[in-house]
Amino acid sequence: MQTYRPDLENMSVKGPNDIAHVVMVAVVYFTFRLAADFFLPSDEGTENLEHLLGPALGWAVVSTALTVGYARLQLRQYELRVDENELRVTSTCMDRSIHRGQIRTLMEENHGLIVSSRGKVGAYLWGGVLISRALPEYEQLKRLAESWKVAA
């Protein structure tokens, strides 16, 4: 079994999608909070939509900051273990693995390759194992994951 940790000191993987992803997360949080306040009204009522926008915007900003902060913390404590039949990612609060022959989806993004046993929609919603682009062995691990992919 080999263990890999990204070189975060020299990690310079940034792109235009980073900001787009953060904005998308904020929009989702804002929309859910606004919908919840609108359809599950409190004693204050929902007659005035402007009254609901402030709390929804505040919720979106705070929730997005916590989500992004948590994701970055997980990446700092990220560890990828590879053996002959499994890719396993561990961090403080996460332990995910995928076995040889179960890989259905490979999605390359700014931070690396997401490997999942689900289809593209499932991989987008529930994630998978991340092979970080900050790893010096990234290309080698990417080829390994591609060789383990189930034939379509």
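Counting from 1, the numbers follow the sequence of the chain as shown. Please read these numbers as outputs of a predicted model, since none were measured by experiment.
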Could you state whether L57 and V25 fall into the same hydrophobic cluster, counting links through intermediate Ile, Leu, Val, Met, Phe, Trp or Tyr residues with side-chain heavy atoms under 4.5 angstrom apart? no

Side-chain contact test, heavy atoms from C-beta onward, threshold under 4.5 Å: evaluate it for T90 versus R81 and give yes or no. yes

Run the side chain to side chain contact (heavy atoms under 4.5 Å, CB included) test on D95 and R88 for me, step by step, so that the C-alpha distance in whole Å, both residues' side-chain angles and the decisive distance to 0.1 Å come before the verdict. CA-CA 7 Å; D95 185 1; R88 179 176 294 275; 2.7 Å; yes

Test of understanding: clusters of I, L, V, M, F, W, Y form through side-chain heavy atoms closer than 4.5 Å, transitively. Do F30 and F39 belong to the same one? yes

W148, CH2 atom: more than 12 neighbouring heavy atoms under 6.0 Å: yes

Using the rule given for side chain to side chain contact (heavy atoms under 4.5 Å, CB included), can you reason through I131 versus L87, listing the C-alpha separation, both sets of side-chain angles and the distance that settles it, and then say yes or no? CA-CA 9 Å; I131 299 175; L87 296 171; 4.3 Å; yes

Decide side chain to side chain contact (heavy atoms under 4.5 Å, CB included) for L106 and I114; before the verdict, give the C-alpha distance in whole Å, the side-chain angles of both, and the deciding distance to 0.1 Å. CA-CA 6 Å; L106 299 170; I114 296 177; over 6 Å; no

Are E84 and R100 close enough for a salt bridge, meaning some N to O gap below 4.0 Å? no

Just so I know, are the side chains of L34 and L53 near enough to count as touching, which here means a heavy-atom distance under 4.5 Å? yes

Measure the shortest side-chain to side-chain distance between L130 and L113 over non-hydrogen atoms and say whether it is less than 4.5 angstrom. no

Check: L80 and V129 side chains under 4.5 Å, non-hydrogen atoms: yes

Provide the closest heavy-atom pair for R33 versus A56 in the form atom of the first, atom of the second, distance. CG-CA, 3.5 Å

Between I98 and S117, which heavy-atom pair has the shortest distance, and what is it? CD1-N, 3.3 Å

Okay, side chain of T105, backbone of R118: is any donor-acceptor separation there less than 3.5 Å? yes

Side-chain donor or acceptor of R133 paired with backbone N/O of E109 under 3.5 Å: yes

Close side-chain approach of R104 and S116, heavy atoms under 4.5 Å: no

Under a 4.5 Å side-chain heavy-atom rule over Ile, Leu, Val, Met, Phe, Trp and Tyr, are V121 and M24 clustered together? yes

Which atoms form the tightest heavy-atom contact between V115 and A145, and what is the distance? CG2-CB, 4.1 Å

Under the 3.5 angstrom rule, does the side chain of S147 hit a backbone N or O of L144 as a donor-acceptor pair? yes

Answer yes or no: is there a side-chain heavy-atom contact under 4.5 Å between H99 and Q102? yes

In the structure I gave you, are the side-chain heavy atoms of V22 and T64 within less than 4.5 Å of one another anywhere? yes

Would you indicate whether the side-chain heavy atoms of V61 and Y29 approach each other to under 4.5 Å? no

NZ/K142 to CG/L135 distance, rounded to the nearest 0.5 angstrom? 13.5 Å

